[in-house]
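Here the structure is laid out as C-alpha cells; the discussion comes afterwards.
Bear in mind that the values here come from a model prediction, so they are computed numbers and not experimental data. Chain naming here is simple, since letters A, B, ... match the order of the sequence lines and numbering starts at 1 in each.
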Number of protein chains: 2
Amino acid sequence: MPTTIKDIAKRTGVSHSTVSRALRGDPLISFETTSRIRQAANEMAYLPSAAARSLKTNRSQVLGVIVSSIDDPFFSEIVFGIEEAAQEAGYRLFMAASQHDPAREQKIVQAMMEHRTDGVIICSSSFSPNQGRQLLDYGFPIVVVNHQGAENFHYSIFHDDVDGSRQVTRHLIELGHRRIAYLGNSLSGRTTLDRLTGFKAELQAAGLTVPLEYIHHVAGNDPQFGMDGSKFLLKLELPPTAIVCFNDMLAIGVLKGCREVGLNVPDDISVTGFDNITFSAYTHPPLTTFDQPKQSIGSEAARLLLDLLDTNPDDKVFQPKEIILKGRLLVRNSSAAPPLSAISKKVSTRN
Amino acid sequence: MPTTIKDIAKRTGVSHSTVSRALRGDPLISFETTSRIRQAANEMAYLPSAAARSLKTNRSQVLGVIVSSIDDPFFSEIVFGIEEAAQEAGYRLFMAASQHDPAREQKIVQAMMEHRTDGVIICSSSFSPNQGRQLLDYGFPIVVVNHQGAENFHYSIFHDDVDGSRQVTRHLIELGHRRIAYLGNSLSGRTTLDRLTGFKAELQAAGLTVPLEYIHHVAGNDPQFGMDGSKFLLKLELPPTAIVCFNDMLAIGVLKGCREVGLNVPDDISVTGFDNITFSAYTHPPLTTFDQPKQSIGSEAARLLLDLLDTNPDDKVFQPKEIILKGRLLVRNSSAAPPLSAISKKVSTRN
DNA sequence: TCTGGTTTTGCACACGTGTGCATAATATCG
DNA sequence: CGATATTATGCACACGTGTGCAAAACCAGA
C-alpha cells in the first residue's frame with residue numbers, strides 16, 4: 001500500500017540501497033541519480049516507514065513525555081514548549097499522563113520501552129521511584145522536571161518553587177498579614193514540599209509562627225479540592241487572613257469557597273495561587289500568583305534531552321546538569337491588606 | 001541492550017520462532033516448552049520491540065489522535081475518554097495538536113503516515129479538507145468528531161450543538177430575554193456554525209429577530225478573545241441583555257469584560273457558555289452552560305475506530321456510521337431574567 | 001518392528017530500511 | 001590503447017519479529 005524504497009528502485013532502475021542513499025543525501029551518489037530518485041519519490045508520495053527506520057537505526061526520533069495530568073493547564077503549556085523544541089529538531093512526542101496512578105505509570109513505562117523512544121522527559125514530580133528506576137536501568141536518557149527524586153536522574157529542570165513561594169508569602173506579609181495559611185496538594189510530591197518550604201521560611205524570617213492547622217493538604221489538583229480545603233481553613237476558630245495555595249487550580253476553588261461563606265476576596269481574606277495558568281487572569285478577582293515560565297521549562301527540558309541525544313555516546317562524560325528557572329510574582333486583585341478587624345484583634349492580643 | 005527473542009531462544013535452547021510462538025500463546029507449541037520460554041522471558045524482562053512487530057504485522061497498535069489544541073480543557077476530557085477505551089483494547093495514543101495551523105496539520109499528517117498508526121481520530125472540526133483527503137487516500141480508518149467535512153469521512157461522532165444551542169437560547173428566552181447576542185469563534189468551523197444555527201433557529205421559533213451586529217465572531221478560543229468580543233457587543237447603542245457564547249472559554253472572558261464595564265452578571269446581563277469545562281463551575285458567578293458528554297464522545301470515537309480495526313477487511317461492507325451524542329442544559333448563576341429597565345424599554349418600543 | 005497419523009519444532013523468508021565492502025563504471029595519464 | 005586512480009553503484013547482510021511449510025519427533029496400532 002504505502003510506497004516503499006523498493007517501489008522507487010524499480011521505477012528508477014537502481015537498487016534499493018541507492019535509493020536509500022540518495023534520499024539521505026549521501027555524497028557517494030551522483031547528483032544526476034539523486035535528482036532522478038528524489039523526483040520519483042516525490043511523485044510517488046514516498047514517506048519512510050518509521051518502524052523500519054527505527055529498527056535499523058536503533059533510533060525512533062520520538063521523545064517520550066510523561067505528565068501527571070493532561071487536563072492541567074500548567075502541564076499543557078510545558079508540553080507546548082517541549083513540542084516546539086522537539087519539532088524544530090525533527091522529533092515527535094509520545095505523550096502519556098500518569099494521573100498519579102502506579103498502574104498507569106507501569107503501563108507508560110512499558111509503552112516507552114516497547115516503542116524504544118529515544119529519551120524521556122518526566123514532568124511529574126511524584127513519579128514513582130520504582131518506575132523511574134526501570135526507565136533508568138533500561139538506558140533511556142531522562143530529563144526530569146521538578147522531580148522529587150531528581151538526584152537519581154542526572155539531568156533536571158527545576159522551577160524555583162521555594163523562591164516563588166517565599167515571594168508570594170513575603171508579598172502577603174508586606175501587606176500586613178500575620179495569619180497566613182498554606183493549602184497544599186499531598187499528591188504533588190516535591191513541588192508542594194518546596195512551596196511549603198518557601199512559605200515557612202518566609203514566615204520564619206518575618207518572626208512569625210504558623211499554627212499547625214494553618215498547613216492543610218488536600219489530595220488532588222482540582223478546584224473542588226481547593227474548595228474543600230478552604231472550608232477547613234475558614235472554619236478554624238481563628239481563621240487566616242490569607243491563604244497561600246499550592247497552585248491556581250486550588251486557588252480557583254478557594255475563591256469559590258470564600259464566596260460561599262460570604263467572605264469577600266481580598267477585602268476579608270487574601271488568596272494567592274501559583275503558576276499563572278490562563279484562567280487565573282479571569283477569575284473574580286484576578287488571582288495574585290507566581291508566574292512560572294512554563295513554556296521555557298518545557299523547551300529547556302527538550303533541549304537538554306536533545307543535547308544528550310546528540311552527544312556521541314563514546315564521548316559521553318558523566319556530567320550532571322541541573323537548570324533552575326525562576327518565575328516572578330504577579331500581583332493582581334486577590335490580595336490586599338488584611339481587614340482592620342483582624343489588625344485590631346492582633347493589637348489587643350499583644351496587650 | 002534490550003532483551004530480544006533471540007536472547008531467549010539462546011537461553012532456552014529453542015529457535016527464535018518457537019519463542020515467538022510460545023509468547024503469543026500459539027497452541028502448536030507444547031505447554032512445557034511454552035512455560036519454559038515464558039519464565040525465561042519474564043526473568044530477562046523481555047519486552048517486544050514495537051517497531052519490529054509493527055513492521056512485520058503491518059499494525060502499530062497505535063491510534064492517532066488529532067485535536068485542535070492541547071490546552072483546551074474540552075479536548076483534554078475527550079482525549080481522556082479516548083485513552084481509556086484505547087488502553088482497554090491494548091492500544092496506545094499518538095497525539096498531536098493542530099492549533100488551526102495548516103503547516104502543523106501537514107506535519108501531523110506526515111507523522112501519522114510515517115508511524116503507520118492503525119487509525120486516526122480527528123477532533124478538530126476545522127481540520128483542512130486537503131489534509132483530511134491525504135489521510136483518507138492513505139487508507140487510514142478515520143473517525144471524525146464534529147467535523148465540518150464529515151460527509152467525506154464515513155464514521156462520525158457528533159455532539160448535537162444545534163440542539164444544545166437551542167436549549168441555551170430557549171432558556172434565555174424563557175427568562176424573558178429579547179435582546180440576545182451570539183459570540184462565536186471563527187476558527188472553529190462546523191462547531192460554531194451549528195451553535196449559531198441553533199441560536200438563530202430558536203430565536204426564529206420565538207418570533208424574534210436578531211440585529212446583524214448581535215452576531216459577532218472572534219478569531220480564537222482564549223478567554224481574552226471572549227473579553228474582546230464582549231467589549232464589542234456591550235458598546236452597541238442597544239446592547240444585548242444576554243450573550244450566548246460559543247463556549248465556556250469565551251464566556252469566562254466575557255464575564256471579565258462585563259465586570260470591567262461595571263455590568264453585573266446576571267443582574268444586568270446574562271452570559272452563557274457551552275461545554276461545561278471544569279472551570280465553569282468556579283467562575284463568579286458559575287456559568288450556565290451546555291454540558292457535553294466529553295468523555296463519552298471520546299470513548300465512542302475510540303470504540304468506533306476499534307470496531308473498524310477489528311473488522312476483517314475482506315468482510316468490510318461499506319456502512320457509514322454516524323453517532324450523535326446529546327448533552328444537557330446546566331443552569332447555574334450566570335443567567336437570570338433581564339433587568340427591568342430592559343423590559344420596560346421593550347414595552348415602550350412596541351407602543 | 002514397521003507404518004501411519006499426530007504433534008512439535010526449526011528453516012527460510014520477509015516486513016522496509018541502512019550500510020560495509022566489493023565490484024563496476026568512468027576519468028585521467030602515460 | 002592500456003593501466004591506474006577515482007567515482008558511483010550493487011550485493012549481502014541485518015535490525016527483531018512473525019509465519020508458511022517442511023522436517024523431526026512422538027505415539028498408537030497392526
Side-chain angles (χ1 to χ4, degrees), chain A residues 1-38 40-41 44-62 90 110-111 113-118 138-139, chain B residues 1-38 40-41 44-62 90 110-111 113-118 138-139:
Chain A
M1 187 76 221
T3 304
T4 68
I5 275 183
K6 287 175 189 170
D7 299 322
I8 299 172
K10 191 176 301 186
R11 179 186 271 207
T12 53
V14 298
S15 72
H16 89 262
S17 57
T18 299
V19 173
S20 178
R21 289 195 171 101
L23 292 178
R24 304 196 66 74
D26 191 330
L28 292 183
I29 310 294
S30 76
F31 177 77
E32 194 264 336
T33 303
T34 297
S35 298
R36 275 193 312 119
I37 288 168
R38 287 187 167 180
M44 299 171 80
Y46 166 75
L47 286 170
S49 160
R53 186 170 282 184
S54 167
L55 187 56
K56 185 64 199 173
T57 61
N58 215 21
R59 276 290 187 94
S60 62
Q61 300 298 126
V62 172
Q110 188 177 334
M113 288 178 180
E114 292 189 10
H115 284 268
R116 317 278 208 257
T117 57
D118 289 342
Y138 190 80
Chain B
M1 187 73 221
T3 304
T4 68
I5 274 183
K6 287 175 189 170
D7 299 323
I8 299 172
K10 191 177 297 184
R11 181 188 271 208
T12 52
V14 298
S15 72
H16 88 262
S17 57
T18 300
V19 173
S20 178
R21 290 195 170 101
L23 293 179
R24 303 197 65 75
D26 192 330
L28 292 183
I29 310 296
S30 76
F31 177 78
E32 195 265 336
T33 304
T34 298
S35 297
R36 276 196 309 121
I37 288 167
R38 286 186 168 180
M44 300 171 79
Y46 167 75
L47 286 171
S49 158
R53 186 170 281 184
S54 166
L55 187 56
K56 185 62 201 175
T57 61
N58 215 21
R59 277 289 187 95
S60 62
Q61 300 298 123
V62 172
Q110 188 176 333
M113 287 178 179
E114 293 188 12
H115 283 267
R116 317 278 208 257
T117 58
D118 289 342
Y138 190 79

Non-neighbouring partners of A:R11 that pass salt bridge (Lys or Arg N to Asp or Glu O under 4.0 Å), sequence neighbours left out: A:E43

Generate the contact string for nucleotides 16-25 of chain D. Rules: B means base contact, S means sugar-phosphate contact only, - means no protein heavy atom under 4.0 Å. BBBBBB----

Which part of the nucleic acid, if any, lies within contact of B:V14, taking any heavy atom under 4.0 Å across all strands shown: a base, the sugar-phosphate backbone alone, or nothing? sugar-phosphate

In this structure, how many angstroms lie between the P atom of D:dG10 and the CG atom of A:D26, rounded? 13 Å

Sorted by chain and number, sequence neighbours left out, side-chain hydrogen bond (donor to acceptor under 3.5 Å, both in side chains) with A:E114 holds for A:Q110, B:R92

Partners of B:T12 by side chain to side chain contact (heavy atoms under 4.5 Å, CB included), sequence neighbours excluded? B:I8, B:V14, B:V19, B:R36, B:I37, B:A40

Salt bridge (Lys or Arg N to Asp or Glu O under 4.0 Å) pairs, two or more places apart, involving residues 47-58 of chain A: none

Contact class for A:T33 vs. all strands (heavy atom < 4.0 Å): base, sugar-phosphate, or nothing? sugar-phosphate

Between the axis at one end of the helix from C:dT1-D:dA30 to C:dG30-D:dC1 and the axis at the other (five pairs apiece), what's the angle to 10 degrees? 60°

Is a side-chain donor or acceptor of B:R38 paired with a backbone partner of B:A22 at a separation under 3.5 angstrom? yes

For A:S17, give me all partners under side chain to side chain contact (heavy atoms under 4.5 Å, CB included), at least two apart in sequence or on another chain. A:S15, A:R21

Could you list the residues that satisfy side chain to side chain contact (heavy atoms under 4.5 Å, CB included) with B:D7, not counting sequence neighbours? B:T3, B:T4, B:M44

Applying ring-ring contact (aromatic ring centres under 6.0 Å, His included), can you list everything that pairs with A:Y46, at least two apart in sequence or on another chain? none

